[in-house]
Amino acid sequence: MTTTRNRSARIALSTAQLLLPIALAGLCAAPARAQTPLPPWHQGVSEERRQRAQALFAEARELHRRGMLAEARAQYEEALAAWEHPELRLYLGRVLKLIGLPLLAHENLRLSLRWGPGSLDAEKEQEARAAMRALVERELAAIEIRCDEPGAVVLMDGQPWFDGPGAERRMVMPGEHVITARKNGHFTVVKPILVFAGKEASGQIALSVDTVVTRQRWATWLPWATLGAGAALGIAGGGLMLHAYADHEATDRRLRNGCAPWCEALARDAYDRSVLENRLAIGALVASGAAAITGTALLFMNTQHDRTEDRGGVKIEIRPAASPDTAALSARLVF
């Protein structure tokens with residue numbers, strides 16, 4: 001009996017040792033399966049929204065198949081509003097390309113690939129990249145601008161684009177586009193750029209400071225010296241005028257007090273000195289006024305305000321267009 005019990009115990013122990021790793025593997029595998037991350041486009045999307053998007057997607061595909069492209073576009077966009085899914089972006093890009101909206105088509109195709117490899121199956125991913133490459137080479141152009149001025153606002157066609165310092169690249173329709181850069185205290189830069197399909201314009205914006213520089217036309221002392229000379233002439237003229245008046249009065253009194261009948265002939269010569277002094281005084285006052293006016297004019301005209309020269313601008317070069325999703329091209333055409 002004892003031998004039988006021992007044999008049974010050994011068999012049970014061996015069985016437990018065999019099953020324990022299997023049980024542990026099962027316990028470890030269950031959490032691993034539970035922790036498998038969902039694709040990014042599934043995260044935070046409720047089942048109700050997914051079902052609604054799928055129903056709209058089915059309707060849109062049917063409209064697409066029947067050639068009702070505008071209606072299909074509206075359904076795809078409504079489905080995307082409910083659920084941002086890479087395949088929905090791909091189908092919307094197809095419709096937009098058929099409608100003749102290459103810029104919107106390129107943007108949606110780009111968004112269908114933004115989660116990287118595996119977001120679409122291999123065939124659809126290849127289709128999206130080929131369609132983007134065809135749009136870039138035949139129907140679209142690109143503009144890339146760098147601005148290293150901190151705080152500068154860069155606009156394209158009057159719409160805000162980015163703030164410096166930095167660089168941005170954007171796909172655009174072929175034709176003329178206007179790049180504007182502005183910053184307080186700096187000259188505003190406005191540059192029209194003409195780009196053709198399959199080409200890329202790239203450039204760098206430089207802003208120059210818009211300041212007022214004060215310069216002097218002549219030495220600072222000259223206006224003040226002129227004013228000083230005018231003041232000195234005025235004082236001298238005033239003194240001469242007073243002296244001439246006093247001399248005239250003294251002569252007049254002398255002639256009235258001691259003049260005989262024959263003094264009348266001598267009176268004209270007696271006033272010659274006071275008349276000369278009066279004329280000199282008038283000349284000095286006139287010169288003083290002229291010097292004062294000249295000195296004041298020189299004082300105001302001596303300060304000259306000049307704006308600094310605008311040395312900013314955009315240096316542009318044109319080359320064949322390429323993007324991270326298309327084949328790189330090395331040839332360049334520089335203008």
Smallest separation among heavy atoms of Ala105 and Gly93, with atom names
CB-O, 3.6 Å
Are Val172 and Ile205 in one and the same hydrophobic cluster, where Ile, Leu, Val, Met, Phe, Trp and Tyr link if side-chain heavy atoms are under 4.5 Å apart?
yes
Report the distance from atom CZ of Phe162 to atom CG of Leu155, rounding to the nearest 0.5 Å.
10.0 Å
Between Phe196 and Pro174, is there a side-chain heavy-atom distance shorter than 4.5 Å?
no
Could you tell me whether Gln126 atom CD has more than 12 heavy atoms of other residues or ligands within 6.0 Å of it?
no
Which heavy atom of Val195 sits nearest a heavy atom of Ala142, and at what distance?
CG1-O, 4.3 Å
For Tyr91, is the NZ or CZ atom of Arg94 found under 6.0 angstrom from the centre of its six-membered ring and inside 45 degrees of the ring axis?
yes
Here the gap from Met156 atom CE to Arg170 atom CZ, rounded to the nearest 0.5 Å, amounts to 5.0 Å
Let me check something: do Val178 and Ile143 share a hydrophobic cluster, defined by ILVMFWY side-chain heavy atoms less than 4.5 Å apart, either directly or through other members?
no
Should Met132 and Leu104 be regarded as members of a common hydrophobic cluster, given that ILVMFWY residues are connected when their side-chain heavy atoms come within less than 4.5 Å of each other, either directly or indirectly?
no
Decide, yes or no, whether a salt bridge links Arg114 with Glu84 under the criterion of side-chain N to carboxylate O below 4.0 Å.
yes
Do Arg182 and Val189 come within less than 4.5 Å of each other through their side chains, counting heavy atoms only?
no
When rounded to the nearest 0.5 angstrom, what is the spacing between CD in Glu139 and CG in Leu103?
10.5 Å
Could you walk me through whether Ile193 and Lys191 satisfy the side-chain contact (heavy atoms from CB on, under 4.5 Å) test, starting with their C-alpha distance in whole Å, then the side-chain angles of each, then the deciding distance to 0.1 Å, before giving a yes or no?
CA-CA 6 Å; Ile193 301 174; Lys191 176 71 175 182; 4.0 Å; yes
In terms of hydrophobic clusters joined by side-chain contacts under 4.5 Å, are Val45 and Leu90 together?
no
Heavy-atom closest pair (Leu207 atom, Phe187 atom, distance to 0.1 Å) is CD2-O, 3.6 Å
Does the side chain of Leu101 come within less than 4.5 Å of Arg73's, by heavy atoms?
yes
Taking every heavy atom of Ala72 against every heavy atom of Ala60, the minimum-distance pair comes out as CB-O, 3.6 Å
Under the side chain to side chain contact (heavy atoms under 4.5 Å, CB included) test, which residues partner Glu47, sequence neighbours left out?
Arg50, Gln51
Side-chain contact, heavy-atom cut-off 4.5 Å: Asp163 with Glu149?
no
Could you tell me the separation between the NE2 atom of His106 and the CE atom of Met171, rounded to the nearest 0.5 Å?
4.5 Å
Kindly indicate, with the supporting measurements, whether the criterion salt bridge (Lys or Arg N to Asp or Glu O under 4.0 Å) is fulfilled by Glu127 and Lys124.
CA-CA 5 Å; Glu127 175 198 343; Lys124 289 179 178 176; over 6 Å; no
With the side chain counted from C-beta on, respond yes when Val153 and Trp161 share a heavy-atom pair under 4.5 Å apart, and no when they do not.
no
Does atom CG (Asp121) have a neighbourhood of more than 12 heavy atoms from anything else shown, all under 6.0 Å?
yes
Can you check whether Met173 reaches Pro102 side chain to side chain, under 4.5 Å on heavy atoms?
yes
Let's go through Arg66 and Glu71 carefully: what are the C-alpha distance in whole Å and the side-chain angles of both, what is the deciding distance for salt bridge (Lys or Arg N to Asp or Glu O under 4.0 Å) to 0.1 Å, and is it a yes or a no?
CA-CA 10 Å; Arg66 292 161 54 189; Glu71 293 80 357; over 6 Å; no
Test item: Lys183 side-chain N/O and Gly164 main-chain N/O as donor-acceptor pair under 3.5 Å:
no
What I want to find out is whether Arg52 reaches Glu48 closely enough, with some N-O distance under 4.0 Å, to be called a salt bridge.
no
Under a 4.5 Å cut-off applied to non-hydrogen side-chain atoms, are Val190 and Thr188 in contact?
yes
Any donor and acceptor pair, going by atom type alone, linking the side chain of Arg146 with main-chain N or O of Gln204 inside 3.5 Å?
no
Is it true that a side-chain atom of Gln43 and a backbone atom of Leu38 form a donor plus acceptor pair closer than 3.5 Å?
yes
ILVMFWY network linking Leu96 to Leu80, side-chain heavy atoms under 4.5 angstrom
yes
Considering only residues two or more places apart or on different chains, which pairs with a residue in residues 171-181 satisfy side-chain hydrogen bond (donor to acceptor under 3.5 Å, both in side chains)?
Asp157-His177
Point-to-point distance, once rounded to the nearest 0.5 Å, from CG of Leu92 to CG of Asn108:
4.0 Å
Around Glu123, counting heavy atoms of other residues, nucleotides and ligands shown, do more than 12 lie under 6.0 Å from its CD?
no
Rounded to the nearest 0.5 Å, how far does CG of Leu111 lie from CZ of Arg89?
5.0 Å
Determine, stepwise, if the pair Leu120 / Trp115 fulfils side-chain contact (heavy atoms from CB on, under 4.5 Å).
CA-CA 9 Å; Leu120 296 171; Trp115 284 295; over 6 Å; no
Specify the closest pair of heavy atoms between Arg49 and Gly44, including all atoms of both residues, with the distance to one decimal.
NH1-O, 3.8 Å
Of the non-hydrogen atoms in Leu109 and Ala131, which two are nearest, and what is the gap between them?
CD1-CB, 3.7 Å
Apply the test ring pair (Phe, Tyr, Trp, His ring centres under 6.0 Å) to residues Trp83 and Trp41: give CA-CA distance (whole Å), side-chain angles for both, the deciding distance (0.1 Å), then the verdict.
CA-CA 8 Å; Trp83 188 12; Trp41 56 90; 8.4 Å; no
side-chain contact (heavy atoms from CB on, under 4.5 Å), that's the test. Do Gln75 and Leu63 meet it? Break it down for me.
CA-CA 9 Å; Gln75 292 291 87; Leu63 293 168; 3.6 Å; yes
